[in-house]
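Worth saying up front: this structure is predicted, and the values here are computed from it rather than measured. We name chains A, B, ... by the order of the sequence lines, and we start the count at 1 in each one. All values below come from the heavy atoms of this structure, side chains included, with hydrogens, waters and symmetry mates left out.
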Amino acid sequence: MPNVTLPDGAVHALPDGATAFDLAQKIGPGLAKAALAALVSTDGGQNWEIRDLHRPLLDDCSARLLTEKDDLPQTLYVLRHSTAHVMAEAICRLYPQTKLVYGPPVDDGFYYDIDLEEPITPEAFPRIEAEMQKIISEDRPFTRCDFNREEGLTKVRSENNRYKVDNAVRAEGDLSFYVTGTPGKNFEDLCRGPHIPSTGRIKAFKVLQVSGAYYRGDQNEKQLQRVYGTAFPSRKLLEEHLHRLEEAKKRDHRRIGPQLGLFHLQEEAPGAVFWHPRGWAMYQIVQGYIREMLGHNGYYEVNTPQLMDRSLWEKSGHWEKFRDNMFSTETEAHTFAIKPMNCPGHIQIFKQGLRSYRELPLRLSEFGSCHRNEQSGVLHGLMRVRAFVQDDGHIFCTDEQVPEEVARFCDLVKLTYGDFGFTDMHIRLATRPPLRTGDDATWDRAEAALARSLSELGLHYELAPGEGAFYGPKIEFNVRDCLGRPWQLGTIQIDYVMPGRLGARFVGEDNTPHVPVMLHRAICGSLERFLGILIEHHAGSFPLWLAPIQVAVTTVSEKSVSYGHEVVNWLRQHGMRAVADFSSDRIGPKKQRARDQKIPYILVIGEQEAVDKSVNVNNRDGVTLGTFPFERFVEGCVHEITTRGREQPEGTS
RNA sequence: GCCAUCGUAGCUCAGUUGGCAGAGCAGCGGUUUUGUAAACCGCAGGUCGUCGGUUCGAGUCCGACCGGUGGCUCCA
């Protein structure tokens with residue numbers, strides 16, 4: 001007789017074999033009707049398992065019933081998993097040759113991988129959705145059928161589907177199937193569950209896209225078709241989700257960038273950026289800011305060659321590992337590679353002369369132009385390019401100095417992101433990958449050093465096993481933008497391998513040579529990508545300090561053009577980036593054009609302003625802020641720029 | 001690189017069963033001299049991604065290639 005504890009602390013004694021549904025009914029018929037699944041914990045709430053409503057509850061446990069109204073990831077997980085089954089059945093009905101593979105819920109929806117020769121195209125989505133709607137209207141219960149492992153394997157082997165057999169063999173313990181309706185009569189699928197009570201509970205869903213996906217993520221395996229969809233507890237939530245997708249589309253840097261005259265891409269230079277004056281202005285602002293921060297933090301900026309001989313890349317190990325992704329060129333019997341990264345160059349600088357331990361830590365930074373021959377299919381606007389510049393840097397230090405350097409870097413990263421308006425930072429620690437150089441003892445030491453630094457700083461982090469670089473583990477710094485999308489920006493990586501391979505040495509206190517540890521680090525990562533993220537985060541409406549054009553000066557009529565010139569010149573004298581619009585349009589369209597360009601301040605100059613030496617200030621949101629003496633406007637702007645918008649200066653906004 | 005999908009004017013898009021390549025905005029010229037979310041008239045602008053094929057005739061149908069997009073693999 002299980003005692004079930006509810007979230008409010010109430011304890012219900014239920015008969016043996018009672019289900020979560022029975023519990024819900026006991027609490028209230030409304031809840032029983034609304035419940036989709038249950039969260040159950042047998043260890044006092046440490047670990048929670050999502051379970052079918054109609055499975056018997058475990059012995060004494062804590063339980064929470066999930067309804068459509070619960071805005072919990074688990075609710076969506078179950079709902080979407082079940083919708084994936086419905087979609088799979090619909091596809092099997094429309095395409096009887098389909099072999100089902102795997103269909104999990106994912107962030108924002110679900111997918112189902114299928115093996116089917118005939119391509120499913122977006123035109124087929126409405127047909128699939130209509131078929132799904134039929135299944136939903138039939139309101140068939142999801143029925144769990146448990147088998148012991150032997151019986152289950154026999155059953156799945158009879159289905160003539162190698163993927164499902166694979167799934168079953170890899171699953172641990174006993175096997176379960178879910179029937180969408182009556183066993184023996186309706187669609188069934190090997191599945192561990194859980195599911196919602198019946199198909200009729202699916203209120204809002206949509207088939208969204210189809211793409212290729214290798215079986216088990218293996219390039220050498222068969223390419224399957226992956227059909228994506230999503231589901232929500234209500235039509236309204238689905239609409240909101242689709243609306244969010246539209247909003248994200250409006251922020252797309254590939255649309256906004258060219259619109260604002262920041263950059264363009266063209267097919268003769270795939271993966272490389274043509275920066276226009278306004279985009280380059282932003283680029284320079286970001287670079288200048290980082291340069292200043294690094295200067296304050298004891299870095300020396302350097303510059304190293306674009307082309308270096310193949311032999312150097314062979315020594316560093318890049319030629320062996322990344323040859324396919326490196327551009328190279330032949331001349332006078334030499335093979336030169338265009339640098340894909342700056343570290344080998346920095347090691348060459350380190351190696352000049354005899355280094356003493358007294359010089360460590362030596363921090364070198366470089367805005368070096370790097371090229372990587374990324375596969376054509378991965379290129380994506382500014383976010384994934386072949387030619388880029390990182391805010392790159394390498395710290396040469398001793399083993400003992402690593403924690404201190406990592407800590408200093410973490411502080412710098414946090415400060416920098418704050419200045420760019422990214423406050424939601426999360427950290428991942430990526431550990432040794434399967435293919436790597438260096439022995440396990442070295443990896444142990446490196447991973448422990450990073451973990452210790454993070455712990456000592458009190459920074460929370462998530463472990464990313466196997467995601468480290470081939471030469472060492474790394475810390476990844478991620479931020480979320482204003483739409484909640486995560487972006488990996490900064491990184492710091494310990495490298496015990498490359499300095500040794502390239503012959504870097506320093507003389508230690510003991511008067512013998514030692515190999516320095518090298519920390520690879522970047523705060524923004526690729527500046528191209530960082531600009532892309534800034535564009536999407538701000539939707540083109542950049543804070544004043546980043547805005548490529550800060551002020552548009554517009555005249556009411558020809559009578560004010562002379563004062564307009566004066567204002568533009570004054571602004572430029574004060575270091576502000578200003579443009580003039582003295583065209584013969586009326587003030588309305590001129591303001592509109594400046595707003596379209598997301599220029600933070602639009603000054604209206606008329607005869608009265610010329611007399612007062614004042615400016616009428618408007619912002620890009622269409623708000624008229626008032627008329628101010630010119631000097632006061634500039635003071636406000638300067639304050640806003642130097643504080644990077646962290647506090648609003650009086651009188652300007 | 002793989003699967004799907006797309007490519008028409010600077011931008012956003014229309015173009016019927018294969019039958020004279022279009023619109024709005026932007027641009028240029030003119031009129032208007034303007035006080036806060038787009039004044040008026042006119043002009044110009046295209047090898048319909050490229051190459052090949054089918055056809056009396058191709059933006060439209062077929063093939064190859066290039067590039068973009070959504071994913072997959074990859075991301076030192």
Taking the [atom1] atom in each of [N] and [M], what is the distance between them to the nearest angstrom?
{"N": "B:U17", "M": "B:U12", "atom1": "C1'", "answer": "28 Å"}
{"N": "B:C75", "M": "B:U60", "atom1": "P", "answer": "41 Å"}
{"N": "B:G49", "M": "B:G15", "atom1": "P", "answer": "15 Å"}
{"N": "B:G22", "M": "B:G68", "atom1": "C1'", "answer": "25 Å"}
{"N": "B:U32", "M": "B:C6", "atom1": "C1'", "answer": "44 Å"}
{"N": "B:C65", "M": "B:G29", "atom1": "P", "answer": "46 Å"}
{"N": "B:A14", "M": "B:A4", "atom1": "P", "answer": "24 Å"}
{"N": "B:G45", "M": "B:C28", "atom1": "P", "answer": "16 Å"}

Euclidean distance, atom [atom1] of residue [X] to atom [atom2] of [N] [Å, nearest integer]:
{"X": "A:L435", "N": "B:U73", "atom1": "CG", "atom2": "P", "answer": "17 Å"}
{"X": "A:L260", "N": "B:C11", "atom1": "CG", "atom2": "C1'", "answer": "13 Å"}
{"X": "A:D585", "N": "B:G29", "atom1": "CG", "atom2": "P", "answer": "13 Å"}
{"X": "A:D252", "N": "B:U12", "atom1": "CG", "atom2": "C1'", "answer": "15 Å"}
{"X": "A:I91", "N": "B:A4", "atom1": "CD1", "atom2": "P", "answer": "16 Å"}
{"X": "A:L265", "N": "B:C66", "atom1": "CG", "atom2": "P", "answer": "19 Å"}
{"X": "A:L379", "N": "B:G71", "atom1": "CG", "atom2": "P", "answer": "14 Å"}
{"X": "A:Y112", "N": "B:C3", "atom1": "OH", "atom2": "P", "answer": "24 Å"}

Select from A:F322 and A:Q225 the residue whose nearest nucleotide in RNA chain B is closer to the 5' end of that strand. A:Q225
5' precedence on RNA chain B between A:N325 and A:P122 (nearest-nucleotide basis): A:P122
Salt-bridge test for A:E247 and A:R244: reply yes if a basic N is under 4.0 Å from a carboxylate O, no otherwise. no
Looking at A:E314 and A:R501, is there a salt bridge between them, counting it only when a charged N and a carboxylate O are closer than 4.0 Å? no
May I ask you to say what [X] touches in the nucleic acid, namely base, sugar-phosphate or nothing, with a heavy-atom cut-off under 4.0 Å?
{"X": "A:G217", "value": "sugar-phosphate"}
{"X": "A:Q259", "value": "nothing"}
{"X": "A:R595", "value": "base"}
{"X": "A:G381", "value": "sugar-phosphate"}
{"X": "A:E607", "value": "base"}
{"X": "A:Q209", "value": "sugar-phosphate"}
{"X": "A:D495", "value": "nothing"}
{"X": "A:D596", "value": "base"}
{"X": "A:I602", "value": "nothing"}
{"X": "A:G588", "value": "sugar-phosphate"}
{"X": "A:K559", "value": "sugar-phosphate"}
{"X": "A:K321", "value": "nothing"}
{"X": "A:Y111", "value": "nothing"}

Side-chain N or O of [X] less than 4.0 angstrom from OP1 or OP2 on [N]?
{"X": "A:R586", "N": "B:A38", "result": "no"}
{"X": "A:H380", "N": "B:G68", "result": "no"}
{"X": "A:K474", "N": "B:A76", "result": "yes"}
{"X": "A:T121", "N": "B:A4", "result": "no"}

Who does [N] pair with, Watson-Crick or G-U, both distances under 3.5 Å?
{"N": "B:C20", "value": "none"}
{"N": "B:A4", "value": "B:U69"}
{"N": "B:C40", "value": "B:G30"}
{"N": "B:U47", "value": "none"}
{"N": "B:G57", "value": "none"}

Counting distance alone, no hydrogens or angles: does the base of [N] have a donor or acceptor under 3.5 Å from a partner atom on the side chain of [X]?
{"X": "A:R384", "N": "B:C74", "answer": "yes"}
{"X": "A:N616", "N": "B:U36", "answer": "yes"}
{"X": "A:E609", "N": "B:G35", "answer": "yes"}
{"X": "A:Y214", "N": "B:G71", "answer": "no"}

[X]-[Y] aromatic ring centre distance below 6.0 Å:
{"X": "A:F633", "Y": "A:Y601", "result": "yes"}
{"X": "A:Y215", "Y": "A:Y163", "result": "yes"}
{"X": "A:F477", "Y": "A:H426", "result": "no"}

Considering only [options], which nucleotide approaches the side chain of [X] most closely?
{"X": "A:E558", "options": "B:A76, B:G67, B:U33", "answer": "B:U33"}
{"X": "A:P589", "options": "B:C72, B:G70, B:A39", "answer": "B:A39"}
{"X": "A:P119", "options": "B:A4, B:A37, B:G35", "answer": "B:A4"}
{"X": "A:S557", "options": "B:U33, B:C75, B:C74", "answer": "B:U33"}

Examine [X] relative to [Y] and say whether NZ or CZ is less than 6.0 Å from the centre of the six-membered ring and inside a 45° cone about the ring axis.
{"X": "A:R226", "Y": "A:Y111", "result": "yes"}
{"X": "A:R372", "Y": "A:F327", "result": "no"}
{"X": "A:R445", "Y": "A:Y496", "result": "yes"}

Could you tell me if the side chain of A:F367 sits less than 4.5 Å from the side chain of A:N303, heavy atoms only? no
Do other residues, nucleotides or ligands put more than 12 heavy atoms under 6.0 Å from A:Q266 CD? yes
